[in-house]
Structure formats: C-alpha cells, structure tokens
Amino acid sequence: MRRRELEADIINELRRFLPGQWEASHGALQAGGGGERTDLLLTQKDGSAVVVVEFMPTVRIRDLLGRLALLMVQWDPARRDGMRPAFVIAAPRFGRRAVREAEQFLSKNDPEMEWGLVDGHGTVRLSMPSLGLDTNVYEVPVRGDSPSRHNRRLFSDLNSWMLKILLLRKAPSEHWGGPRVKAGTPTELHRIADVSSETAHRFVRTFEEYDYLRRTKKGLKMVRVEALLEAWMAAERLAPPKRIPASWFLAGDSSLESVFSPTLNSQVVVGGFEACGRHGLLHTPSPHLEIHVLGNWKPEAADWKIELDGVDEPDLFLVESPYPRSIVSGCVEHDDLPTVDIIQAALDVVHSSSRGAEQAQLIMGNVLSYVARDEQ
C-alpha cells in the first residue's frame, strides 16, 4: 500500500472513533518554544486536542517499542510544559502480538501516555482516556463479508463517482451533469453508475462500515454527510494531483475553445477556482486557471496554443488527475469547455494556499443543502 493511500485510510479510520471534527495536516507541532516534527497531525477544530501520527513502513516488535520509547523522550519536555497530545503509530498492518507488546510496554514505562495503533486493514487500538476512547478492533467484517472484499481506499475514482451520484441527485443542472435517478439498492446503483455489480456492492459495504451510508426502505441513504465531506477533503489535501505550469502563446488569447482545439483523444475540463466561479460560488479568486487534462493528452498538446517548457510565470496549470471517471462523468457543459461538478470544484481548491479551504467549505455547504433537500 502506498504511503498516501495509507495516510488517507488512517485518517478515515481515526475519524470513525475520534469525537467531534478534526483537521489533518503535515508539519511540526509547536511546543515549549520549539517545534517537534510529525508525520501527520490531527487537530480538533476547537483546538482542545491534538493527535500526533507517526508512520512505520513495516512492523517489527523491537522497532515498534523503540519508536514508542523515542516518542516518550522527544515529547517529554512538551508534556511537562502541559501539552497533552495523543500518539498514534500507523503501519500497513499490525498483528495482535504487536498490539499486546505495545500495551505491556506502555503500561510499564509510561502509563499516562495516550496512544494508539492503527493499520490499513481495520486494526484500531486506541487508549485515549481524555477523549473517552478505549477501543480495540481487529479487522471487523461487515455482515459476514471478509475484509478483503471491502474497498479500503474510500475515495478512489469509482467510489468518488458513485458518491457524487448519491449526493448530487437534487443539485441544480448548472452544478451537476450526472444521473438524477435514486438508487434503491446496490444493484440499481451499479446500473445507474455503469460500474460492475461487484464494484457497486463493495462500495455500499465499505461506506456502510464507515457509517456514511445506510440501506433503508426508501433506498440508499447517505448519513453523516458533513463528516464524509470533511474526510474527502482531507484525503484530497494529502494527495493533490500533479499540476503542470503553462503559459499562453499569445497574451490576451482568452478563448479556451480555440486554445485547446482539437481535443480528439483527450478530455479537457475546467476546474479549480475558475470552476467555482462558473458555478456562481467564487469567494476567493485565484490568478491561475486550472484545466484538467485526461486521457492521451500529451500528443495533442503540441497543437494547443500554450507553452509548457521553461515556464517561470504560469498563466494556467494543467492538472493530471488520477480520477478521470469521477471528473468527466458529472461535468457541466459550457460553450467553450466543460466544467467540473460542484463537489469536484471544491476538491480542486481545498489544498490551495489562496484560502482554498475556505472556498471549499463554502461549496460543501451547498452540497449539504442538496442532500437535505433529497431527504424531504
């Protein structure tokens, strides 16, 4: 499992158990006049609690206990100054023996430490009394399914596509160009989304497990939508797509259709802050245009009226997204180029330093209103 995928899985696992709303970030945690390096920070929105997450690529008992001992030493000054972070070690997989050895080690050497072990296969051991958590879960299956049948990457391309279908059915046509049919069962979702039956059933099982989706007499129902959107944006912040700087051949050539024509083998879709503006929800303008380029776009780029080599002051960015299906299938048609759907517009800007998180939150507020409308 790749590091970015593991980070997204770990964040989603922790969000299932941590009370309240949490924000994920990378960097250092300031303490006692200095900054302790961390792999990942989860901070409660009201600032009352912090979880420090450290990653291990593989797990040996000796290395795990050594990492816990190092955390005890590194953070001792901050803890003596009154800071009380909780510490989580994350890895691709923990065995029961590793959990047992960690419990015994901390019970003997630092019984007041708040700690946890979380892996990418459903193991969650959290001992955080200040948050009311004493959790011990080992790969719990749902409804008799084996863990291998669950999609551990919550926000994969097809999962994102099906989420949008369930969330945006009541969105205005200018915000969503995808299906508007209500999915009553996983089988119906497979037909509406045009994915395999197993993909749709696995999607439903996975989001049921995270308590973001429930099967009801009225059909598939999204629940805890605000928490879901927060987790989705956090995953996007941790793994932003590749952005390629470009400049116009001719200054003032503002016709996107003429600039990017022809597009025979590729798909070109407007995203980012420009998409937010086209949806009528632009709150924080950005000087740069973002264009999603999907499919086999590089051979065609020679005919586009843009410069890709040696660009020091870009006019736009080409965005190579790993999620083409969820971007193209629900986009909204415009006279020049299609525009991403409203959720994708928020995901495009959430990692921007130009108040992107603020812009994304504004858009997600609209999404919540569409979901509420669908439930009436």
Side-chain angles (χ1 to χ4, degrees), residues 151 153-181 183 189-196 199-200 203 229 232-233 235-236 239-244 246 255-281 288-301 303-304 306 316-351 360 363-364 366-367 370:
N151 191 330
R153 289 185 59 202
L154 275 190
F155 304 109
S156 64
D157 190 13
L158 292 182
N159 279 7
S160 296
W161 165 230
M162 288 183 280
L163 279 175
K164 290 176 181 180
I165 289 174
L166 295 176
L167 292 170
L168 294 178
R169 192 173 73 91
K170 290 292 186 177
S173 58
E174 61 267 26
H175 291 169
W176 170 242
R180 297 181 177 276
V181 181
L189 180 60
H190 121 75
R191 294 175 184 143
I192 296 167
D194 192 22
V195 299
S196 72
T199 296
F203 166 86
L229 295 178
W232 200 348
M233 290 191 292
E236 183 67 25
K242 181 180 179 182
R243 300 166 76 245
I244 302 167
S255 171
L256 292 178
E257 187 176 27
S258 63
V259 168
F260 289 98
S261 181
T263 55
L264 300 176
N265 299 311
S266 64
Q267 294 163 311
V268 179
V269 185
V270 176
F273 286 94
E274 173 66 18
C276 297
R278 292 185 175 205
H279 286 299
L281 294 169
H288 295 128
L289 181 67
E290 291 190 0
I291 304 292
H292 289 274
V293 285
L294 309 166
N296 188 24
W297 68 272
K298 291 183 179 179
E300 292 184 25
D303 296 324
W304 294 344
I306 59 175
L316 71 157
F317 287 90
L318 304 184
V319 182
E320 285 190 325
S321 174
Y323 304 135
R325 179 74 181 279
S326 66
I327 289 175
V328 172
S329 299
C331 66
V332 180
E333 294 298 327
H334 281 264
D335 292 335
D336 50 9
L337 296 178
T339 301
V340 297
D341 63 79
I342 187 173
I343 288 181
Q344 191 60 49
L347 296 173
D348 283 354
V349 302
V350 71
H351 45 70
I363 292 178
M364 291 307 191
N366 282 264
V367 174
Y370 304 149

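Sequence positions, counted from 1, serve as the residue numbers for this chain. Note that the structure is predicted; figures quoted are calculated from it, not measured.
Under the side chain to side chain donor-acceptor pair (under 3.5 Å) rule, Q344 has a single partner from K164, E236, H292, which is K164.
Scanning both residues, V269 and T339, for their nearest heavy atoms gives CG1-C, 3.7 Å. Nearest approach of M162 to A193, heavy atoms of both residues: CG-CB, 3.9 Å. Considering all non-hydrogen atoms of both residues, A360 and V349 come closest at N-CG2, 4.1 Å. Scanning both residues, H351 and P241, for their nearest heavy atoms gives NE2-CD, 3.8 Å. Residues D341 and S326 share a closest heavy-atom pair of OD2-O, 3.7 Å. Across A345 and A275, no two heavy atoms sit closer than the pair CB-CB, 4.0 Å.
In this structure, N366 CG and L281 CG are separated by 4.5 Å, a value rounded to the nearest 0.5 Å. Atom OG of S321 is separated from atom CG of D157 by 7.0 Å, given to the nearest 0.5 angstrom. Distance CG/L229 to CG/L163: 9.0 Å, rounded to 0.5 Å. Separating the CD atom in Q267 from the CG atom in L294 is a distance of 6.0 Å, to the nearest 0.5 Å. Between atom NE2 of residue H279 and atom CD of residue E274 there is a gap of 10.5 Å, rounded to the nearest 0.5 Å. Note that the CZ atom of F317 and the CD1 atom of I291 stand 12.5 Å from one another [nearest 0.5 Å].
Side chains of L166 and L189 form a contact here, defined as non-hydrogen atoms less than 4.5 Å apart. With a 4.5 Å cut-off on side-chain heavy atoms, E320 and V293 count as touching. Between V268 and L256 there is no side-chain heavy-atom pair separated by less than 4.5 Å. Side-chain contact between D194 and R325 is present, with at least one heavy-atom pair separated by less than 4.5 Å. Between L168 and Y370 the shortest side-chain heavy-atom distance falls below 4.5 Å. Here the side chains of V350 and W232 are not in contact, with every heavy-atom distance at 4.5 Å or above. At a threshold of 4.5 Å between non-hydrogen side-chain atoms, the residues F155 and L347 do not count as touching.
The backbone N or O of G271 sits nowhere less than 3.5 Å from a side-chain atom of R278 that would complete a donor-acceptor pair. Remark: side-chain polar atoms of R243 are not paired, donor with acceptor, to backbone N or O of V319 under 3.5 angstrom.
Classification of the W304-F260 ring pair by plane angle, with boundaries at 30° and 60°, yields perpendicular. Using the six-membered ring where Trp is involved, W161 and W176 have ring planes that are tilted, between 30° and 60° apart.
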Practice problem: Kindly indicate, with the supporting measurements, whether the criterion side-chain contact (heavy atoms from CB on, under 4.5 Å) is fulfilled by I343 and M364. | Solution: CA-CA 7 Å; I343 288 181; M364 291 307 191; 4.2 Å; yes
